[in-house]
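Down below is the structure, laid out as structure tokens.
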Amino acid sequence: MPSRLNPDDQKRVDEYLNAPQHQTERRPFRPLFLLAMVLVVVIGLGLLSRLLSRLVL
């Protein structure tokens with residue numbers, strides 16, 4: 001895909017993005033961990049709502 005920037009601007013953008021402070025190591029994405037966390041939150045909130053309903057009624 002060709003850049004819409006002129007070469008000087010593109011060079012500045014490339015230098016900015018390649019600077020050390022903009023390079024971060026990321027852990028690999030783990031969808032099963034995300035699914036587990038969502039399930040824990042949903043079950044926890046469900047249990048909390050049941051507890052609160054028993055305390056009120």
| Are Leu39 and Val42 linked, directly or through other ILVMFWY residues, by side chains that come within less than 4.5 angstrom of each other? | no

| field | Backbone of Leu17 reached by a side-chain donor or acceptor of Gln23 within 3.5 Å | value | yes

| said: Nearest 0.5 Å, please: how far is CG in Leu47 from CG in Leu52? | reply: 11.0 Å

| request: Mark yes when over 12 heavy atoms from residues, nucleotides or ligands other than Gln21 sit less than 6.0 Å from its CD; otherwise mark no. | output: yes

| message | Salt bridge or not between Asp8 and Lys11? Use side-chain N to carboxylate O under 4.0 Å. | response | no

| Connected via hydrophobic side-chain network under 4.5 Å: Leu5 and Tyr16 | yes

